[in-house]
Structures are given as structure tokens and as C-alpha cells.
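Convention: sequence-line order gives letters A, B, ...; per-chain numbering from 1.
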Number of protein chains: 2
Amino acid sequence: MASIKDVAAEAGVSVATVSRVLNDHPSVSADARARVLAAVGTLGYRPNAVARSLRTDQTHTLGLVISDVMNPYFTELARSVEEEARALGYSVIIGNADERPDLQDHHVRNLLDRRIDGLLVSPTDGGSPLMLDAVRAGTPMVFVDRWIPGVEVPVVRADGEAAVRDLVAHLHGLGHRRLAIIAGPAATTTGQERVAAFRAALHAYGLDLPEDYIGQGDFQAESGRRVTEGFLDLATPPEVVFAADNLMALGALDAVRARGLRVPDDIALAAFDDIPWFVHTDPPITAIAQPTGELGRAAVRALVDRIEGRPPQSVTLPARLVVRRSCGETAPPERPAPPERPASPQPSPVTNRSQT
Amino acid sequence: MASIKDVAAEAGVSVATVSRVLNDHPSVSADARARVLAAVGTLGYRPNAVARSLRTDQTHTLGLVISDVMNPYFTELARSVEEEARALGYSVIIGNADERPDLQDHHVRNLLDRRIDGLLVSPTDGGSPLMLDAVRAGTPMVFVDRWIPGVEVPVVRADGEAAVRDLVAHLHGLGHRRLAIIAGPAATTTGQERVAAFRAALHAYGLDLPEDYIGQGDFQAESGRRVTEGFLDLATPPEVVFAADNLMALGALDAVRARGLRVPDDIALAAFDDIPWFVHTDPPITAIAQPTGELGRAAVRALVDRIEGRPPQSVTLPARLVVRRSCGETAPPERPAPPERPASPQPSPVTNRSQT
DNA sequence: CACGTCGATGTAATCGATTCCACGAGGAGG
DNA sequence: CCTCCTCGTGGAATCGATTACATCGACGTG
């Protein structure tokens, strides 16, 4: 592979001049520039990003450590992160933690070793020493979706509280009174917050959230199935199961169907995180939709701001309820090609200065 | 960030000795080793992978350029690739081409600039000069899922021919005679092969595949919708629509539903690529399942073989038909927890030496 | 005892870029 | 005409590792 020296030789100039042309430094003569460019062309030269990074101490690479790539929510997040990063001149290396703290650490360490310019994390747990050290050492970092309380890092996330209230109102309106939740891991903020929001919303309706109506899941389909089976075994099973993420909702659907029961007739189902497939399940699933793409983009912007010396901003965007048929029939059936629906109001971002 | 020099100073040895300890070179005294390790500990030293890569000319990184991350098939592929690579001591950088040749080129260039050790590609098109040049220049490469004919690169893929035959037999057995297909891009091998396999299977039953029963899609949901609408507008619409991938099947489902028609009563639907969600759609969708995880792992093994100087092998694994209800009622309903189903025979891999 | 071998270590070259500094030519200004 | 600045350029240091080569002491052996 041709190096800058080969180009210099071919063009009859020094490596310094070649470098200047490549980084379009102003003080290069038109003649030299042309010769260098020609040499680059004939040799098919491409600068070695590794060498460049070593010298400049920047890799123009962002690390994204995600809880679970197989979860469509995170897939979409990853996609929007990569898009925005690309637009800003950065590449992204994705690390999939699979909800395992040890894997998360593996990826953080790997990314740090590669000297990525900044780290986007959706933490699987309360924060390993490794990650905390990295923050302390000054690694630019931004939390996305989930975060770790007490750590001075900008957070980009969706606020589901209002949407959960809407959901409970919807369920209450349908006559449901016994509502259960499949919670996410208590170590994650989203795991906790969604339960808290749900409980608060229930209280507003004078309803309780008894202990056995809180199932402990781990954001994976299998746990949704297991927890739902537990609910169905209860002396008085709930009328509604609210899954704290889409995969657990899928598991719940499995469990219900395995008993020969039907949604929503025998038991209603709702989920946090909306995904395209929810339109096509039987029945279509009522869900709380996050502005996933916008979250990813905002997170990248915050991180790049931090990297490039501008003050990063924490961002909180509202989630919204999407009613379908899995909780009972009231909503008009969703029409794939709406004739002339009034434009749905864009959620206005709630933006705060970072606490940093 | 502490460098090897700092460690050397702290331990009272030279950088060479530190390096030897780190790469556990045999000829280091126990005493020196202990002092170095201690210094590493107190300084929290981590070797700079960038510098190491520059010197050794290997990054221990694989590039994976994938056609579309949002497609669950490719997500799963990416996941298995990362797993196997990690097990073999490599990291993976994923580039999402979104079925766009220009984006594919962008990622290939980017990965090449980063001097990845090898490239795993599922080509979106017939092969850009860039990629062909890379092969010619000796970049270790392996094609996965799709490939480019005439290029001397090992291929890891699934053979769906037998499964497509099974599918047509199934459809024929249900009395369907007018079968249509939503094809993938003609520039991709999978786009072509699936049509060819379908046509061949139809011929075996004395059936024809007329031109207007071949819709041109692009592996994205929207094209599935559009093509299906075209089918439904035909004077004699098909009785079955076979989508060449899962996303187009989703679009087809949309289109059918938008007309107020039902699957399978009004029109049957089948798809290439099985995914977990197909169990939960209304109705569950009959699909051809690829051994995705095994494909990803085999591809990584082939690539790493090539990188480390062993002869890489092309691998072809069989796909298999999974019958559900979207083509008509014959199959027994799928039971989530089968009591004692006879172990389904493992597909025996058809393995060939690489053509390289 | 002398010499060859081996093990442990340090010095310095190297990978491929960027960039500081010095230098020479040419133009402007006094 | 001399001085000073600017512009274009090249030489060489540098980033943080790895590794070939040199060195040196200890040890085994004839």
C-alpha cells in the first residue's frame, strides 16, 4: 500500500508538502498541488487513518455501546446515530452489550483502547468502575436512553411520563382496573422510571400497583413470557399487562397465546417502545412511541459538541401514546393510507443545559 | 493518558522491557515483570491500540458492510458476526449501506482507510471499482449472503432452492395456481436467485411465471407495498404473493390490508427470511428460514482463516421452509411449547473449498 | 582459565502521518 | 540598495508502540 513517501517521491516534493496538500493547507503552490494530486491519482494513494490518528490524537470515531442490538428500538437508535455521525464527519463503532455488564465493560475497554473521540452509552447497569473512571479521566461521553444518576454526563432521553398517564387513562376508560407491569432491570433508569410512572398514573386514578402485579423482567422476550405466565397463574390475574419494552411484550404475547387465551378479549397488552411490527401483530399492539431517530441525532450532536469544545446539552424529548387494538376496541382501526388526516403536532423538544 | 514510557519510568525499566511484558515475551525476569505489572496497575495504563496497529500493521478489526441494518435478518447476521469475531480476538466495525451503492462505497473506503484486517461484505450491487480494486490489492474479503459473480472471493451463503421447491409444493398442494413474486434488486445475487428458484419450482409443477407476476422490489417495505398494489390491480390478480425478503412481505401485508382484503382468505403470502416477528403477525407468515447465526459465524471463520494465512472455505448452508398460516389452513397451529416434537434434523452443511 | 552460549535488558530504528522550524526567493517599502 | 515580510518548501521531531541488534553478566564446558 502506497504511503505518503511514495507520493512525495512520485510528485517530486517532500512529504510535508504532500501532507499540506492533503489537508488543504493554504500555503502550497498551485503547481505543487497539481503534481501531488496527480501522484495520488496514479498511485491510488489513500492516507493511513491509523498513522494520522496516532499523530493527531483524534480518530474521528465515536463509540456506541448499546444494550441490545437485536431490539428494534436500539437498532433504529444505532442507525440514526450512525447517520448523524456520518453527516458530522465521524464514524461509529457499535458495541453490543446484550444487557450484560461484563460485555458492556469489554466494549468500553476496547473502544477506549482504540482511542475513540467520544462514547455514547446506554448503560446496562449502574455503572462499572471502568466507565466511571473514563468519565473522570475526561473521556467525552453522553448517555442515551438510559443513564446513571449522579454521574456528570449529558443525557439524551425520552420522557414517557405523560404518555404513560395517557395510557393509563386509555386503559381506565376501557374499564380495566387490574393493571400489571413487566418491569425492566432495576439497575437501569428506564427499568425504574417506567414502573414509577405507571404507579403514579395508577394512583391518579385511585388504583394500586400491588407487588404481585410487578413482574421482574430483563428487557428480553423470554422474561416477558415467564413473568406473564406468573401473572396468569395468580388467583386474580390482571386485566392488563404493560410491558416495559417491546421484546418483553412479544414474550407476553407468546405466553398468553400458549394458554389459548386471546388479546385483548381475555387480557389486554400494551408496551413501551413502538416498532413497525406492532402494526402487524395479532392484534396490533398499543404502545408508547419514542422519537428514536431524533434521540440518536441529538445524542450525537451533544457528544460532538463536547468533543469539539462546545458545551453539550442534555435533551429530553416527549414520548407519545399510540393506541391500537391490544387493549380493547375503541380506537378506530388504523388506516395505512390516511386520506387527509390533520398533521399530527410535532413534539416540541424540552431542552436543558447540561448539568456539566 | 499514560504511555508506555511512563510505565517504563515508573517501573525503572526500558520501554522494550515493558513491551515484552505486555506481549508476554519469554525472556523477561520475574522481577522485571512484577515491577512492570505493578506500574501498569498504579498508572492505570492501557496500551494504545492505534500506535500498536501502526507498528504491527494489524488492527485486529474486521469490517462488515451490510445491506440494511434495520432488516432483522441482517441485524441477526451482524450480531453473530460480532460474537464469533470477539471469540477469535477481533472487533467488528459495521457499515450500513442501506441498499445504496454510494453508501456502500463510503463504508468500504472508510474501513480500508482504517486498515481493517479483513472485510465481510454483503454487496448491494454488482461491485464498485473500489471493491474490485481492494480484492485485487489483496485485501482479505469474504462475501456473506450475497456475492458478486466472477470475483475470486469466498462466499458464505444459504441455498434456498430446495426450500423454495418445498414452498411451491406447499402452495400447489393448497390449490394455488397463480403465484407471483416480489423480487429483490436484479443487481444482487439473492435478488436474482430467488426469482430463478421460484420460476424453476413452478415449472416443475407445469406452472408459469408471467412477467406481470414478477414485481420489481428493492428489499424495502415500501417497495413490497407498491408491487403488491400493482398485483391487486391486475385483471387476474395472483392467489399468492411470495416476497423475496421479510421487509417486502411486511409491505405486502400492508397493501393487502389497506384494500380491506384478508390473508390468506383473499390472497396468500409467503416470505424469504424468517424472523421472530413472523410468528406474531396476523396471520403468522409462512417463510423460508436461513441459518443466519451459522452463516455469520462461518463467514467470520472464513475471513479470519484468510487473514491468518489459512485457506478460507466457501460455505453453503441449506435454508428450510417454515409453514405457518399465511398461505391457507393445513398446517397444525404452531405450538410455542411443543411437548415432545421429534428433534428436527440439523441441516448438514454443504462445504466446498474456496475457489481462490 | 578461556571461550561460547544464553538470558535479560537497553538503544534505536521503524511504522505513516502532522507540524514546528529554518531557509531561500521574491516583493514591498523605506 | 537594503531590510523585512511573506510564501513555498524541505528537514526533522514527534505520536506510542514493536522489535532487530548490541551489550553484558553469568554459567557451563573442555
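The side chain to side chain donor-acceptor pair (under 3.5 Å) search around B:Glu10 returns none, not counting sequence neighbours.
Pairing each heavy atom of A:Leu132 with each of A:Gly127, the nearest pair is CD2-O, 3.9 Å.
On the nucleic acid side, DNA chain D contacts chain B at distances under 4.0 Å to non-hydrogen atoms, with the end points of that region at D:dC15 to D:dT19.
A distance of 9.5 Å separates NE2 in A:His25 from OG in A:Ser19, rounded to the nearest 0.5 Å. Taken to the nearest 0.5 Å, the CG atom of A:Leu120 stands 5.5 Å off from the CG atom of A:Leu303.
The residue B:Ser29 sits close only to the backbone: its heavy atoms come under 4.0 Å of sugar-phosphate atoms, none of a base. The residue A:Ala49 sits apart from the nucleic acid: no heavy atom pair falls under 4.0 Å. Using a 4.0 Å heavy-atom distance criterion, A:Ser27 is classed as a base contact. Nucleic acid contact class of B:Val13 (heavy atoms, under 4.0 Å, all strands): sugar-phosphate only.
In this entry the distance linking CZ of B:Arg35 with P of C:dA8 reads 14 Å, nearest Å. Whole-Å rounding puts the B:Gln58 CD to C:dT14 P distance at 20 Å. To the nearest angstrom, P of C:dG7 lies 14 Å from CZ of B:Arg33.
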Filtered N/O pairs between nucleotides 18-25 of chain C and protein, under 3.5 Å:
from	atom 1	to	atom 2	distance (Å)
C:dT18	OP1	A:Asn23	OD1	3.2
C:dT18	OP1	A:Asn23	ND2	3.2
C:dT18	OP1	A:Arg52	NH1	3.2
C:dT18	OP2	A:Ser19	OG	2.6
C:dT18	OP2	A:Asn23	ND2	3.2
C:dT18	O2	A:Arg55	NH1	2.3

B:Ile307 vs B:Leu62, side-chain contact (heavy atoms from CB on, under 4.5 Å): CA-CA, chis, key distance, verdict = CA-CA 10 Å; B:Ile307 291 171; B:Leu62 270 26; 3.7 Å; yes
Show the numbers, then the answer: is there a side-chain hydrogen bond (donor to acceptor under 3.5 Å, both in side chains) between B:Glu82 and A:Asn96?
-> CA-CA 8 Å; B:Glu82 195 275 335; A:Asn96 175 29; 5.4 Å; no
B:Asp68 and B:Phe219: CA distance, side-chain angles, deciding distance, side-chain contact (heavy atoms from CB on, under 4.5 Å) verdict = CA-CA 9 Å; B:Asp68 178 11; B:Phe219 285 143; over 6 Å; no
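Relative to the axis of its first five pairs, the axis of the last five pairs of the helix from C:dC1-D:dG30 to C:dG30-D:dC1 sits at 50°, rounded to 10 degrees.
Applying the side-chain hydrogen bond (donor to acceptor under 3.5 Å, both in side chains) test to pairs two or more places apart or on separate chains, those with a residue in residues 39-52 of chain A are A:Asn23-A:Arg52, A:Arg46-B:Asp113.
Taking the charged nitrogens against the carboxylate oxygens, A:Glu99 and A:Arg146 do have a contact shorter than 4.0 Å, which makes a salt bridge. Using a 4.0 Å cut-off between charged side-chain N and carboxylate O, B:Glu83 and B:Arg86 make no salt bridge.
Around CG of A:Asp57, the count of heavy atoms belonging to other residues, nucleotides or ligands within 6.0 Å does not exceed 12.
Without hydrogens or angle criteria, A:Thr75 side chain to A:Val69 main chain gives a donor-acceptor distance under 3.5 Å. Side-chain N or O atoms of A:Asp117 include one that pairs as donor or acceptor with a backbone N or O of A:His60 at under 3.5 Å.
Contact check of residues 133-141 of chain A against DNA chain C (heavy atom, cut-off under 4.0 Å) returns no residues at all.
Checking B:Ala51 against B:Ser14, the closest nucleotide of DNA chain C that is more toward the 5' end is the one next to B:Ser14.
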